[in-house]
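One structure below.
Quick note on labels: first sequence line is chain A, next is B, and so on, each numbered from 1.
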2 protein chains.
Amino acid sequence: MRQKQSLAHTSLLVLSLLSRQDMYGYQMIATLEQRLDPAFSMKEGTLYPILRELENAGAVSCYEQEVSGRTRKYYHLTRKGRRQLAEEQEQWERYEHAINAVLHMA
Amino acid sequence: MRQKQSLAHTSLLVLSLLSRQDMYGYQMIATLEQRLDPAFSMKEGTLYPILRELENAGAVSCYEQEVSGRTRKYYHLTRKGRRQLAEEQEQWERYEHAINAVLHMA
DNA sequence: TTATATACATAGAGATACAAGGTATGAGAG
DNA sequence: CTCTCATACCTTGTATCTCTATGTATATAA
């Protein structure tokens with residue numbers, strides 16, 4: 001049985017979250033948990049590698065902050081990241097329309 | 001560099017096409033080529049394995065037809081396939097809304 | 001003191017889609 | 001007549017993607 005992939009367009013989601021405020025990993029997961037359908041929650045094994053890639057690509061920068069004993073690693077969207085967000089958002093919209101065009105074919 | 005996956009929800013597209021008329025593989029690809037953004041065109045290496053799985057799952061049945069020397073393998077959506085289409089369509093909508101909910105967060 | 005929540009991270013496995021290749025026929029160009 | 005292109009099928013291997021499972025460590029609540 002073919003198993004549906006629960007998530008795609010993951011970096012789009014991450015970039016989108018960071019476009020509003022700096023966030024740390026655990027917080028992103030919690031936020032998505034609320035916003036997203038629980039069926040599509042993002043897992044740690046998915047998020048952290050993406051954050052690393054975004055950082056290597058220069059789309060995000062990061063800094064650490066100690067809060068009551070625990071170290072949080074905050075991520076900040078760079079100008080380059082903003083461009084990437086715009087591109088991925090546009091691509092998502094094209095994707096969305098393409099699928100819907102087929103679904104609602106005459 | 002992370003490479004965007006160009007397609008997902010592939011079986012949804014196939015089932016959707018077949019809900020309107022019986023079709024053969026090459027025709028589906030050509031039809032999607034027109035309807036879909038060319039960037040998301042479905043490749044043969046993607047389609048044929050899916051058709052086989054759908055057949056194994058009993059979602060489609062198939063029959064051959066000879067047309068001017070060339071053999072076409074037509075696929076027909078079964079009742080079970082219709083149910084699967086309904087499910088996948090619903091899931092697509094939930095996915096779509098979930099992504100958009102994050103993108104358009106206040 | 002034990003469990004739960006917070007917070008990071010990685011390795012391995014399974015799923016997914018594509019590129020690249022193969023077979024074969026028909027039609028049109030030269 | 002031959003070569004190429006379009007039609008029509010299909011498979012193998014590779015790259016990529018996401019999750020599961022696991023690991024570390026601290027704070028807080030029971």
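Distance, Leu47(B) CG to dC9(D) P: 9 Å, rounded to whole Å. Atom-to-atom, CG of Leu32(B) to C1' of dA17(C) comes out at 14 Å; the value is rounded to the nearest Å. What separates CD1 of Ile29(B) from C1' of dA6(D) is a distance of 14 Å, to the nearest Å. When the P atom of dA9(C) is taken as reference, atom CD1 of Ile50(A) falls 14 Å away, rounded to whole Å. To the nearest angstrom, P of dA15(D) lies 16 Å from CD of Glu53(A). Summarising the geometry, the separation between CZ on Phe40(B) and C1' on dA17(C) is reported as 14 Å, rounded to the nearest angstrom. Following rounding to the nearest Å, Met28(B) (CE) and dT7(D) (P) show an atom-to-atom distance of 16 Å. Here the C1' atom of nucleotide dT18(D) and the NE2 atom of His9(B) are 14 Å apart, to the nearest Å.
Between Gln91(B) and Arg94(B), the closest side-chain pair of non-hydrogen atoms falls below 4.5 Å. The shortest side-chain heavy-atom distance between Arg72(A) and Tyr26(A) does not fall under the 4.5 Å cut-off. Counting heavy atoms from C-beta on, the side chains of Glu96(B) and Trp92(A) come closer than 4.5 Å.
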Between N or O atoms, less than 3.5 Å apart, protein on one side and nucleotides 10-13 of chain D on the other: list the pairs.
{"unit_1": "dC10(D)", "atom_1": "OP1", "unit_2": "Lys73(B)", "atom_2": "NZ", "d": "2.8"}
{"unit_1": "dC10(D)", "atom_1": "N4", "unit_2": "Glu44(B)", "atom_2": "OE1", "d": "2.5"}
{"unit_1": "dT11(D)", "atom_1": "OP1", "unit_2": "Arg52(B)", "atom_2": "NH1", "d": "3.4"}
{"unit_1": "dT11(D)", "atom_1": "OP1", "unit_2": "Arg52(B)", "atom_2": "NH2", "d": "2.4"}
{"unit_1": "dT11(D)", "atom_1": "OP2", "unit_2": "Arg52(B)", "atom_2": "NH2", "d": "3.0"}

Hey, mind stepping through Ser11(B) and Glu88(B) against side chain to side chain donor-acceptor pair (under 3.5 Å) and telling me if it holds?
-> CA-CA 8 Å; Ser11(B) 56; Glu88(B) 291 200 14; 2.8 Å; yes
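Under the 3.5 Å distance criterion, with hydrogens and angles disregarded, no donor-acceptor pair is assigned to the side chains of Glu55(B) and Ser61(B).
The aromatic rings of Tyr95(A) and His9(A) lie tilted to each other, with the angle between the two planes from 30° to 60°.
Of the two residues contacting DNA chain C, namely Ser68(B) and Arg72(A), the nearest-nucleotide position lying further toward the 5' end is that of Arg72(A).
With sequence neighbours left out, the side-chain contact (heavy atoms from CB on, under 4.5 Å) criterion links Glu66(A) to Thr71(A).
Arg70(A) comes within 4.0 angstrom of a base, heavy atoms only.
Applying the 4.0 Å criterion to OP1 and OP2 of dC9(D), one finds that Tyr26(B) has every side-chain N and O outside that range.
When each of dA7(C), dA19(C), dT18(D) is scored by its nearest atom to the side-chain atoms of Lys43(B), the top-ranked nucleotide is dA19(C). Side-chain proximity of Thr10(A) to the nucleotides dC9(D), dT6(C), dT18(D) is greatest for dT18(D).
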